[in-house]
> 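Okay, here's the structure, questions in a sec.
Counting begins at 1 with the first residue of the sequence. Computed from a prediction, not measured in an experiment: that's the story for all the values here.
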Amino acid sequence: MKAIHLFLFMLMMPLFALSQITKVYNWEGGFFLGAANYSGDINPSESPRLNDTRLSLGIGGRVPLNAKFGLRSNLIYGRFVGDDVNFPERLDRNFRFETNLFELNVLGEFEPFGRDRFYSNAQGDVEMDKLISPYLFAGLGFAYMNLNPDFSGNTSASLRDEIAADLRESSTRLNIVLPIGLGLKIDLSTKYSFAVESGLRLTFSDYIDGISMAAGPDADDIYLFTGVVVYRRF
């Protein structure tokens with residue numbers, strides 16, 4: 001029991017130290033609004049397709065460890081779609097899909113100029129400079145996916161076994177993902193800020209679209225969340 005208490009004390013020390021130094025806030029709550037895009041067996045391009053862009057929404061919290069580093073956790077929903085009809089060379093294959101995805105993640109954030117945000121004046125009071133400050137983030141996430149591939153437009157007998165194999169795999173899946181990205185944070189006041197950010201997800205899976213054996217089983221799918229986060233400091 002003493003060991004557990006010691007571990008919790010060591011875990012909370014950075015937060016306690018920050019609160020004593022800044023006397024401004026201990027954590028931030030955020031709301032994310034953005035776009036969801038994917039690259040895989042239906043969309044072979046690594047760049048987002050505007051026509052396939054769908055809404056993504058999320059909520060999260062951020063705890064500052066010090067002036068430059070923080071920990072974030074987010075729950076994000078995204079919808080991903082794709083259709084072979086958008087690629088003339090794939091009209092004979094005629095696959096399409098729709099995937100609803102929920103991602104829960106924990107991210108480390110590095111803001112190199114964050115140390116310039118708060119400072120002590122001549123009287124020893126903490127004041128704030130409003131910054132426009134870049135940051136990087138990376139971490140670990142879990143993606144719960146509801147897969148809906150549609151093979152009904154394909155009439156090729158040569159893909160029958162591969163399509164059957166994909167259908168056996170295509171219902172719901174839970175995958176580990178590695179988010180990595182960058183953003184730009186803009187302070188509005190001592191309480192509010194917003195950020196524009198984009199984060200790529202490495203998935204280690206070829207079933208984000210529910211299609212693998214019938215298309216390109218040798219390459220994993222990836223997806224991307226891009227949008228705006230509004231933060232409230234507490």
> With a cut-off of 6.0 Å (strictly less than), are more than 12 heavy atoms of other residues, nucleotides or ligands near CZ of Phe113?
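Atom CZ in Phe113 is not packed in, count stays at 12 or less.
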> Quick check on the hydrophobic clustering: are Ile222 and Leu224 connected, directly or via other members, by side-chain heavy-atom contacts under 4.5 Å?
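Hydrophobic grouping puts Ile222 with Leu224.
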> Hey, does the Lys NZ or Arg CZ of Arg49 hover above the aromatic six-ring of Phe87, less than 6.0 Å from the centre and inside 45° of the axis?
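Flagged: Arg49 positioned over aromatic ring of Phe87.
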> To the nearest 0.5 Å, how far apart are CG in Leu131 and CZ in Arg117?
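Reported to 0.5 Å precision, the distance equals 4.5 Å.
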> May I ask you to check whether over 12 heavy atoms, not counting those of Leu174, lie within 6.0 Å of atom CG?
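Yes, CG of Leu174 has more than 12 neighbouring heavy atoms, counting only those of other groups under 6.0 Å.
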> Is there a donor-acceptor pair closer than 3.5 Å between any side-chain N or O of Thr99 and the backbone N or O of Ile208?
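Yes, because the side chain of Thr99 sits within donor-acceptor range (under 3.5 Å) of the backbone of Ile208.
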> Answer with yes or no whether the side chains of Asn100 and Tyr77 bring together a donor and an acceptor at under 3.5 Å.
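Their side chains do contain a donor-acceptor pair, which is all the 3.5 Å distance test asks for.
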> Quick one: pull up CD1 in Ile180 and CZ in Arg201 and give me the separation to the nearest 0.5 Å.
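These two atoms lie 10.5 Å from each other.
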> Kindly say whether Asp220 contributes a backbone atom to a donor-acceptor pair with the side chain of Asp206 at under 3.5 angstrom?
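No; judged by distance alone, with no hydrogens or angles, the pair does not exist.
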> With sequence neighbours left out, write down each residue that passes side-chain hydrogen bond (donor to acceptor under 3.5 Å, both in side chains) with Asn154, or none if nothing qualifies.
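Counting only residues at least two positions away or on another chain, Asn154 forms no side-chain hydrogen bond (donor to acceptor under 3.5 Å, both in side chains).
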> Mind checking the CZ-CG spacing from Arg173 to Leu147? Nearest 0.5 Å is all I need.
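One gets 7.0 Å once the value is rounded to the nearest 0.5 Å.
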> With a sphere of 6.0 Å drawn around CD1 of Ile186, does it hold more than 12 non-hydrogen atoms of other residues, nucleotides or ligands?
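Correct, the count exceeds 12.
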> Between Tyr192 and Val229, is there shared hydrophobic-cluster membership here, with clusters defined by ILVMFWY side-chain heavy atoms closer than 4.5 Å?
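No, no single cluster joins them.
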> Which heavy atom of Glu103 sits nearest a heavy atom of Pro179, and at what distance?
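Closest approach of Glu103 to Pro179: OE2-CG, 4.0 Å.
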> Are Arg54 and Val81 close enough, and set up right, to give a side chain to side chain contact (heavy atoms under 4.5 Å, CB included), and what steps lead you there?
CA-CA 8 Å; Arg54 294 297 184 270; Val81 300; 3.5 Å; yes
> Do Leu178 and Phe204 come close enough that some side-chain heavy atom pair is under 4.5 Å?
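Yes, their side chains come closer than 4.5 Å.
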> Can you see which heavy atom on Lys130 is nearest to which on Leu188, and at what distance?
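For Lys130 versus Leu188, the nearest heavy atoms are NZ-O, 3.2 Å.
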> Taking all heavy atoms of Ser73 and all of Val106, pick out the closest pair and write down the distance.
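Of all heavy-atom pairs spanning Ser73 and Val106, the closest is OG-CG2, 4.3 Å.
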> Under the 3.5 angstrom rule, does the side chain of Asp166 hit a backbone N or O of Ile211 as a donor-acceptor pair?
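A pair under 3.5 Å: no.
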> Measure from NZ or CZ of Arg232 to the centre of the six-membered ring of Phe234, then state whether that distance is under 6.0 Å and the direction lies within 45° of the axis.
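Yes, Arg232 lies over the aromatic ring of Phe234.
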> Kindly indicate whether the side chain of Ile59, heavy atoms from C-beta on, has any atom under 4.5 Å from the side chain of Phe32.
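They are not in contact (no side-chain heavy atoms under 4.5 Å apart), so the answer is no.
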> Is there a donor-acceptor pair closer than 3.5 Å between any side-chain N or O of Asn43 and the backbone N or O of Ser45?
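Checking the backbone N and O of Ser45 against the side chain of Asn43, a donor-acceptor pair under 3.5 Å is found.
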> Are any of the side-chain nitrogens in Glu89 or Arg93 under 4.0 Å away from the carboxylate oxygens of its partner?
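Not counted as a salt bridge, because no side-chain N and carboxylate O are separated by less than 4.0 Å.
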> Taking the side chain from Asp209 and the backbone from Asp41, do they hold a donor-acceptor pair closer than 3.5 Å?
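Checked: pair present.
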> Does Lys68 come within less than 4.0 Å of Glu111, counting only side-chain N to carboxylate O?
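No, no charged N to carboxylate O under 4.0 Å.
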> In a check of side-chain contact (heavy atoms from CB on, under 4.5 Å) between Asn37 and each of Pro48, Ser56, Ser198, which one passes?
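Testing Asn37 for a side-chain contact (heavy atoms from CB on, under 4.5 Å) against Pro48, Ser56, Ser198 leaves exactly one candidate, Pro48.
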> Indicate if Val63 and Leu104 have the same hydrophobic cluster label, given that clusters are the connected sets of ILVMFWY residues with side-chain heavy-atom separations under 4.5 angstrom.
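No; Leu104 is not reachable from Val63 via cluster members.
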> So, does Ser193 use its side chain to make a donor-acceptor pair with the main chain of Ser189 at under 3.5 Å?
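Judged by distance alone, no pair lies under 3.5 Å.
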> How far apart are the closest heavy atoms of Ile42 and Gly82, and which atoms are they?
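Nearest pair, atom of Ile42 first, then Gly82: CG2-C, 3.3 Å.
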> Is the closest basic N to carboxylate O distance between Asp187 and Arg233 below 4.0 Å?
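Answer for the salt bridge query: yes.
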> Please collect all ring pair (Phe, Tyr, Trp, His ring centres under 6.0 Å) contacts where either partner lies in residues 137-156, sequence neighbours excluded, each pair once.
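For residues 137-156: Phe95-Phe151.
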> Rounded to the nearest 0.5 Å, how far apart are CZ of Arg160 and OG1 of Thr155?
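It is 10.5 Å, given to the nearest 0.5 Å.
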> State, with a plain yes or no, whether a side-chain heavy atom of Leu33 is found less than 4.5 Å away from one of Val228.
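With C-beta onward as the side chain, the pair stays apart.
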> Are a donor atom and an acceptor atom from the side chains of Asn86 and Asp84 found within less than 3.5 Å of each other?
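Distance-only check fails for Asn86 and Asp84.
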> Going from CG on Leu107 to CG on Leu136, what distance comes out if it is rounded to the nearest 0.5 angstrom?
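Taking CG in Leu107 and CG in Leu136, the distance rounds to 12.0 Å.
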> Can you tell if the side chain of Asp129 reaches within under 4.5 Å of the side chain of Asp116, non-hydrogen atoms only?
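Of all side-chain heavy-atom pairs linking Asp116 with Asp129, none is under 4.5 Å.
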> Would the number of heavy atoms belonging to other residues, nucleotides or ligands and lying under 6.0 Å from CG of Leu55 be above 12?
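Enclosed: over 12 neighbouring heavy atoms sit under 6.0 Å from CG of Leu55.
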> Can you see whether Thr203 engages Asn175 through a side-chain donor-acceptor pair at a distance of less than 3.5 angstrom?
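Their side chains do not contain a donor-acceptor pair, so the 3.5 Å distance test is not met.
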> Write down the atom of Lys185, the atom of Tyr135, and the distance for their closest heavy-atom approach.
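Scanning both residues, the minimum pair turns out to be N-CE2, 3.7 Å.
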> Grab the two heavy atoms, one from Leu71 and one from Gly108, that are nearest each other, plus how far apart they are.
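So the minimum-distance heavy-atom pair works out to CD2-CA, 4.2 Å.
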> Are a donor atom and an acceptor atom from the side chains of Glu98 and Asn148 found within less than 3.5 Å of each other?
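No - no donor-acceptor pair under 3.5 Å links their side chains.
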> Between Asp83 and Arg96, is the closest basic N to carboxylate O distance under 4.0 Å?
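The answer is yes: the pair qualifies as a salt bridge.
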> Would you indicate whether the side-chain heavy atoms of Leu101 and Phe225 approach each other to under 4.5 Å?
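Counting from C-beta outward, Phe225 and Leu101 do come under 4.5 Å.
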> Quick check on the 6.0 Å ring-centre criterion: do Tyr223 and Phe80 meet it?
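Yes, ring centres under 6.0 Å apart.
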> Could you tell me whether the side chain of Leu140 reaches within less than 4.5 Å of the side chain of Val177, counting heavy atoms only?
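No - every pair of side-chain heavy atoms lies 4.5 Å or more apart.
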